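Let me begin by presenting the structure, written as C-alpha cells, before commenting on it.
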Amino acid sequence: MHRNDVTFPARLLSWYDRVRRDLPWRVPAGRSGAPHPYHVLVSELMLQQTQVAIVVPYFHRFLARFPTLADLAAADEQDVLRLWQGLGYYSRARNLHRAAKRVVAEHGGHVPAGMEQLLDLPGVGRYTAGAVASIAFGVQAPILDGNVTRVLCRLDGITDDPRDREVQTRLWTRAEEILPPIRVGDFNSALMELGATVCTPRSPKCLLCPVATACVAQARGIQEDIPPPKKAKPTPLERRVVLCVARGDHWLIEQRPATGRWAGMWQFVTRPEPAGADPVPPPVPVGPATRIGRVEHQLTHRRYTFDVTCCRSTDDSPAAIAGPHAWVTLEGLKDYPLPKPHVKVASLLRTRALEQAPPS
DNA sequence: AACTCGGGGCT
DNA sequence: AGCCCAGAGTT
C-alpha cells in the first residue's frame, strides 16, 4: 500500500459500514456512538486467541451474570471461572477479574482511556490496550493482532516471517501510520474484520476486498504465500488415570493448584499413569475399581488420554484428604469450574448411571 | 527469544 | 492432520 494513499481508510470504512457483523459488544448497526468500555474490555479479553463465533454465547452469559464492571469486581473468582468454563486460557478470566477490581479501586469504577493506565491492567497487553482505547474511547492507538498482521503483510508484500521481532516492530509502526484522523475504533475493527472474513489465512477472497487495488501481494499473486507457514512441533502424549470415587450419590473432586494449566479449577481425582503395574493409591479407602472408558483431549502443544475408572468409598466418614476437595453430586458439578476433559468424564458417569438404572 | 496457556473451527 | 484464532505473562 502506498504511504500517501488517502483513499485507503475511506474505502475500508465504507466496506465496513456495509458488511460488518452485528456483534453483541458493538453498537447496533445504524446507531452512532462508541460501545460501552466494560463491554469492550470483556470482549477483548475473551477474544484473545479465540474466534468470534466461539465468544458470542460466552459474552452473552457473562454479561447476563455480571451486567456491570462493579458486579464483576464484587464476584468470586470461582464464579468468574465457571462462566469461562470451556473457553480456555483461564488466566484471562482471572486477569479480567483482577482488572475489574483494580478499575474499581484505582479508577473509580471507570475503565481508563489512556494507554499507560490500560497497559497497567492485568491481562492487557499492547494489542488489548490499543483495542480498548481506540474502540471504546476513540484514542489514536494502533492495534496488531493475527488478522491485522496478515492484512498488513499482504498489503505491503512482506514475505518475511511476521513472528520475527523485527517484522513485528515494522508492522506496529505501519499500523500506527495508517490510522485515520477520525473513526479510529471503526478503522481498527475494520482491519480485523477484513482479516477474519476476506483476507483469510487460506483462500483469501480478493475479489471481495475493498482495498485489493492497494495490495502488493494481490498484484504479485503471492497472497496465498503470505505469511509463510509455521513449522509444526510434535505434540507429546500425556497419560493420566482418573479415579472417580463415589460415596452414595456424591463424587470426590479435587481442586487443581493455583498455577499452571487449568489453575484453580476442579477435577475428579487424577494422577499420572503409574510407571509400573502398581495401581494409583486412592485418596480414601475404596472397593474394587471398574474401568468405564477413556477420554481423549487434544490441546495445542499436548495430547492427553485419561483412563477413567470408577469405585466406591468403603469408609462412611473418610479421614482427612490432602488438599482442597469436595463431595458433590453429578448435578452439583455445575457449581464448580471443570476442565473440558473432566466435563467429558462427568458425561461418562451420567451415561453409566443411566445404563445401570434404566427408567422402569 | 522461547515457552506456557485451551479449545475449537476450517481446509 | 495441520494451522490458526481480535495475545499476554513468564522464564
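Here the structure is a predicted model, which is why all the values come from computation and not from measurement.
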Quick one: do E77(A) and R94(A) make a salt bridge, cutoff under 4.0 Å?
yes

Nearest to the side chain of R26(A), which nucleotide is it out of dT4(B), dG7(B), dA6(C)?
dA6(C)

Is there a donor and acceptor pair closer than 3.5 Å between the side chain of T50(A) and the base of dG7(B)?
no

Does dT4(B) have OP1 or OP2 under 4.0 Å away from a side-chain N or O of W262(A)?
no

Could you tell me whether E254(A) and R271(A) have a side-chain N and a carboxylate O separated by less than 4.0 Å?
yes

Name the closest nucleotide to the Q48(A) side chain, picking from dT4(B), dA8(C), dC5(C).
dA8(C)

Please assess R65(A) against D79(A) for the test salt bridge (Lys or Arg N to Asp or Glu O under 4.0 Å), listing each intermediate value before the final yes or no.
CA-CA 9 Å; R65(A) 175 67 182 80; D79(A) 285 331; 3.7 Å; yes

Expressed in whole Å, how much space separates the C1' atoms belonging to dG9(B) and dA8(C)?
23 Å

May I ask you to say what L87(A) touches in the nucleic acid, namely base, sugar-phosphate or nothing, with a heavy-atom cut-off under 4.0 Å?
base

Pick base, sugar-phosphate or nothing for W84(A), based on heavy-atom distances below 4.0 Å to the nucleic acid.
nothing

Mind checking the C1' distance from dC5(B) to dC5(C)? Whole angstroms is fine.
14 Å

Given atom NZ of K230(A) and atom P of dG2(C), what is their separation to the nearest angstrom?
14 Å

Does the distance from a Lys or Arg side-chain N to an Asp or Glu carboxylate O, for K334(A) and E331(A), drop under 4.0 Å?
no

Out of dG6(B), dC10(B), dG7(C), whichever nucleotide has its closest atom nearest the side chain of Y90(A):
dG6(B)

Which whole number of Å gives the distance between the C1' atom of dG9(C) and that of dG8(B)?
23 Å

Could you check whether G195(A) gets within reach of a base, just the sugar-phosphate, or nothing at all, counting any heavy atom under 4.0 Å?
nothing

M46(A) atom CE is separated from dG7(B) atom P, nearest whole Å, by 15 Å

Side-chain N or O of R165(A) closer than 4.0 Å to phosphate OP1/OP2 of dA1(B):
yes

Can you tell me if the side-chain N/O atoms of R150(A) get under 4.0 Å from OP1 or OP2 in dC5(C)?
yes

Can you measure Q49(A) atom CD to dG7(B) atom P for me and round it to whole angstrom units?
14 Å

5' precedence on DNA chain B between G88(A) and S203(A) (nearest-nucleotide basis)
G88(A)

For the side chain of T128(A), starting at C-beta, report the closest nucleotide among dG7(C), dG6(B), dA6(C).
dG7(C)

Is it true that Y304(A) and W262(A) have ring centroids separated by less than 6.0 Å?
yes

Which part of the nucleic acid does V148(A) contact within heavy-atom distance under 4.0 Å: base, sugar-phosphate only, or nothing?
nothing

Heavy atoms only, 4.0 Å cut-off, all strands: where does L23(A) land among base, sugar-phosphate and nothing?
base

From CG of L121(A) over to C1' of dG9(C), roughly how many Å is that when rounded to an integer?
15 Å

Any ion pair linking E193(A) and R20(A) (charged N to carboxylate O, less than 4.0 Å)?
no

For dG6(B), does either OP1 or OP2 sit under 4.0 Å from a side-chain N or O belonging to H297(A)?
no

Rounded to whole angstrom units, what separation is found between the CG atom of L171(A) and the P atom of dG7(C)?
14 Å

Among dG6(B), dA6(C), dC4(C), find the nucleotide with the atom closest to the side chain of V52(A).
dA6(C)

Are the aromatic rings of Y58(A) and W84(A) close, with centres under 6.0 Å apart?
no

Gap between atoms OH and C1', on Y89(A) and dA6(C) respectively (whole Å):
14 Å

At under 4.0 Å between heavy atoms, what does R21(A) touch on the DNA or RNA strands: base, sugar-phosphate, or nothing?
base

Pick base, sugar-phosphate or nothing for P234(A), based on heavy-atom distances below 4.0 Å to the nucleic acid.
nothing

Given dG6(B), dT11(B), dA6(C), which nucleotide is nearest the side-chain atoms of T300(A)?
dG6(B)

Rounded to the Å, how far apart are L299(A) CG and dA1(C) P?
17 Å

Assign each of K233(A) and P339(A) the nucleotide of DNA chain B bearing its closest heavy atom; nearer the 5' end lies the nucleotide of K233(A)

Tell me the interatomic distance from E44(A), atom CD, to dA6(C), atom P, rounded to whole angstroms.
11 Å

